[in-house]
Amino acid sequence: MKQLFPFFAFLLVLISCSQKAKESKHSSEHKNPDKKIEKEVIQEQYIANDTLLAKMETDLNELVKSPKFTIEKELVNNRHVDNVIDTIKTFKFDKINIKSYKAVSEEWIFEAKILNSEFELANSIKIGINKKDFEKIVKTKLNSNLVKVGDSEATSAFIFKFENYSLKEIDYEGYVD
């Protein structure tokens, strides 16, 4: 009987701890039963405009030629051809970060984040532009603070984020195979 005492003591502690954990869980669930979880869902507005997209992509490709950028390089294996090494380049300058994929014969920008007002896209789109002026450029009435301008196939797009009627951020999502 003395040999079973430690076993029963352990079992009693285990059951006691388990009961306290259940009580704690139930009490926290019932503290605020009327509290609702609210999530803000931001609707985006998509504007298909192949011409404007092409102009802004050209501007982005010209932008990375600026000597103001520092360039970091990362070697990666080509997904389609064994024994071929490609390069991912990251261009950085004061709140601007642009990434490109360089294969043997071509280079494509596939990602960008622009938070700096020094550079323009399409001769007038830059950080700080007001929403009304942006509407004139895209020739579309905006009904959201999150606007995507992309191609008709939705493979590449610039994402414009507005706050208080002012452009705060430009992102680019490009397509690379």
Side-chain angles (χ1 to χ4, degrees), residues 38-177:
E38 295 182 25
K39 287 186 177 181
E40 182 181 350
V41 177
I42 300 173
Q43 294 287 71
E44 73 178 30
Q45 180 177 359
Y46 191 86
I47 301 169
N49 187 328
D50 292 353
T51 305
L52 181 58
L53 177 69
K55 171 67 176 137
M56 292 188 298
E57 286 176 330
T58 299
D59 291 345
L60 199 55
N61 281 304
E62 288 300 313
L63 176 61
V64 296
K65 294 177 183 176
S66 170
K68 294 181 178 185
F69 284 92
T70 60
I71 303 171
E72 296 173 4
K73 296 179 181 181
E74 176 186 351
L75 301 178
V76 294
N77 290 322
N78 184 294
R79 294 188 307 186
H80 303 291
V81 182
D82 291 338
N83 299 324
V84 173
I85 303 295
D86 294 333
T87 306
I88 293 178
K89 292 182 182 178
T90 303
F91 301 85
K92 293 182 178 183
F93 171 73
D94 188 36
K95 299 181 189 174
I96 298 176
N97 194 356
I98 301 170
K99 289 188 174 191
S100 71
Y101 187 91
K102 184 174 184 333
V104 175
S105 60
E106 288 190 68
E107 185 171 353
W108 305 270
I109 292 176
F110 67 90
E111 181 181 293
K113 179 179 287 293
I114 300 171
L115 302 168
N116 177 318
S117 63
E118 187 172 337
F119 298 100
E120 293 183 348
L121 300 171
N123 297 324
S124 53
I125 298 173
K126 66 180 184 175
I127 299 300
I129 189 174
N130 71 51
K131 213 171 186 180
K132 291 290 180 194
D133 290 339
F134 187 85
E135 287 177 336
K136 291 175 188 173
I137 295 164
V138 297
K139 299 176 180 147
T140 303
K141 174 80 173 136
L142 301 183
N143 55 27
S144 176
N145 285 328
L146 183 62
V147 179
K148 278 188 173 184
V149 175
D151 56 12
S152 53
E153 296 174 357
T155 56
S156 298
F158 281 87
I159 299 106
F160 300 94
K161 297 175 184 174
F162 289 88
E163 287 179 20
N164 300 322
Y165 299 99
S166 178
L167 182 60
K168 297 295 180 194
E169 183 176 328
I170 302 170
D171 293 322
Y172 175 72
E173 297 172 350
Y175 175 77
V176 175
D177 179 27

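If you read the sequence from its start, that first residue is 1, and numbering goes on from there.
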Has the side chain of [X] got a donor or acceptor atom that lies under 3.5 Å from a matching backbone atom of [Y]?
X: T58; Y: M56; result: no
X: Q43; Y: N143; result: no
X: N130; Y: K132; result: yes
X: D50; Y: S152; result: yes
X: D59; Y: A122; result: yes

Exercise. Look at E72 together with K89 and state whether they make a salt bridge at an N to O cut-off of under 4.0 Å.
Key: no
Over all atoms of both residues, closest heavy-atom pair of [X] and [Y]:
X: D171; Y: K113; answer: OD1-NZ, 3.2 Å
X: N78; Y: Y101; answer: CA-OH, 4.0 Å
X: W108; Y: A103; answer: CZ3-CB, 3.9 Å
X: S117; Y: K126; answer: O-CD, 3.4 Å
X: F119; Y: S66; answer: CZ-OG, 4.4 Å
X: K131; Y: L142; answer: CG-CD1, 3.7 Å

Quiz item: So does Y165 have more than 12 non-hydrogen atoms from other groups sitting under 6.0 Å from OH?
Solution: no
Quiz prompt | Crowding at CG, D94 (>12 non-hydrogen neighbours, <6.0 Å) | solution = yes
Rounded distance (nearest 0.5 Å) linking atom [atom1] of [X] with atom [atom2] of [Y]:
X: E118; Y: K95; atom1: CD; atom2: NZ; result: 11.5 Å
X: I125; Y: I114; atom1: CD1; atom2: CD1; result: 10.5 Å
X: Y172; Y: S156; atom1: OH; atom2: OG; result: 4.0 Å
X: E57; Y: L121; atom1: CD; atom2: CG; result: 10.5 Å
X: T90; Y: N97; atom1: OG1; atom2: CG; result: 6.0 Å
X: L53; Y: T51; atom1: CG; atom2: OG1; result: 9.5 Å

Kindly indicate whether the side chain of [X], heavy atoms from C-beta on, has any atom under 4.5 Å from the side chain of [Y].
X: V84; Y: N77; result: no
X: I159; Y: L146; result: yes
X: Y46; Y: V147; result: no

Quiz item: By ring-ring contact (aromatic ring centres under 6.0 Å, His included), which residues pair with F91, not counting sequence neighbours?
Solution: none
Quiz item: How about Y175 and F110: are their ring centroids closer than 6.0 Å?
Solution: no
Quiz prompt | Matching residue for F93 among N116, V64, I98 - test: side-chain contact (heavy atoms from CB on, under 4.5 Å) | solution = N116
Practice problem: Check the pair E107 / S100 against side-chain hydrogen bond (donor to acceptor under 3.5 Å, both in side chains), numbers first and verdict last. | Solution: CA-CA 7 Å; E107 185 171 353; S100 71; 2.6 Å; yes
